[in-house]
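Naming convention: chains lettered A, B, ... in sequence-line order (proteins, then strands); numbering from 1 in each chain. Note that the structure is a prediction, hence the values are computed from the model and not measured.
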Amino acid sequence: MQTIEIPELVRYNHSYFCFFAVGIAVRYWLMKCEPSVYSIDDLRKDKSTIWEGVRNYQARNILRDDVKLHDKVLFYHSSANPAGVAGTAVVSRESFPDPTAFDPASQYYDRQSSVYEPRWFSIEVTFVAKLPVFVPLALLKTTRGLENMLVIKKGMRLSVQPCNAKEYNIIVKLGQG
DNA sequence: GCCAACGTTGGC
DNA sequence: GCCAACGTTGGC
């Protein structure tokens, strides 16, 4: 797939350009991971990783169809004490069949997923930064401008969630302390 | 297509 | 570890 780079365009904070840029502009995502499985420190060490093992259809569809090269990612630690945003990453490869689904030795193996008709999809993300100050969920819940984030909604379990530039920037700023 | 049972997620 | 909230499975 061909990528269209429009850094100059997105830099304009002007409604006409923003409207025009919809569809090709960089998108923003919040991606959950249990730090006991894979943390922001692991990503910093590895530099890049395959986002494998997503076995939820809604999240699968997002990974397969919506997450694009250069999209920005908030790396969220779930099931942690406390849970919250630990860092940022960037999408470095667009959707491809999740190799763990084909691997009988993997805990994510799915015999119903074939190479010819893959059921599950991955992307690759690359480390950008670890936030100097961890941004806990409790703070997300009380920060103005983040009211519409999915992650603060009760019962929201989607592991790959859309967010926007405003929310991303607020959280990154919180993470600077 | 309904829905109960079961499994998983994830905050606390 | 608890448990509420979901998502999936499978009998009917």
Checking [Y] against [X]: is there a side-chain donor and acceptor pair closer than 3.5 Å?
X      : Y      : value
A:R55  : A:T100 : yes
A:Y168 : A:R27  : no
A:E124 : A:S92  : yes

Is there a side-chain contact between [X] and [Y] in this structure, where contact means two heavy atoms from C-beta onward sitting under 4.5 Å apart?
X      : Y      : value
A:C163 : A:L74  : yes
A:L30  : A:V85  : yes
A:D103 : A:Y108 : no

- Task: Quickly, which of A:I123, A:D42, A:V125, A:T126 forms a side chain to side chain contact (heavy atoms under 4.5 Å, CB included) with A:T49? Name it, please.
- Result: A:V125
- Query: Are the ring centres of A:W29 and A:F75 closer than 6.0 Å?
  - Reply: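 Between A:W29 and A:F75, the centre distance exceeds or equals 6.0 Å.
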- Euclidean distance, atom CG of residue A:N81 to atom C1' of C:dG1 [Å, nearest integer]: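 Distance check: A:N81 CG to C:dG1 C1' gives 12 Å.
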Can you check nucleotides 2-10 of chain C for protein contacts, nitrogen or oxygen pairs under 3.5 Å, and list what you find?
unit_1: C:dA5; atom_1: OP1; unit_2: A:K154; atom_2: NZ; d: 3.2
unit_1: C:dA5; atom_1: N3; unit_2: A:R157; atom_2: NH1; d: 2.9
unit_1: C:dC6; atom_1: OP1; unit_2: A:K154; atom_2: O; d: 3.2
unit_1: C:dC6; atom_1: O2; unit_2: A:R157; atom_2: NH1; d: 2.6
unit_1: C:dC6; atom_1: O2; unit_2: A:R157; atom_2: NH2; d: 2.6
unit_1: C:dG7; atom_1: O4'; unit_2: A:R157; atom_2: NH2; d: 3.3

- Item | Residue-level proximity of residues 131-146 of chain A to DNA chain B when a heavy atom falls under 4.0 Å |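 Per residue number, the list reads A:L137, A:K141.
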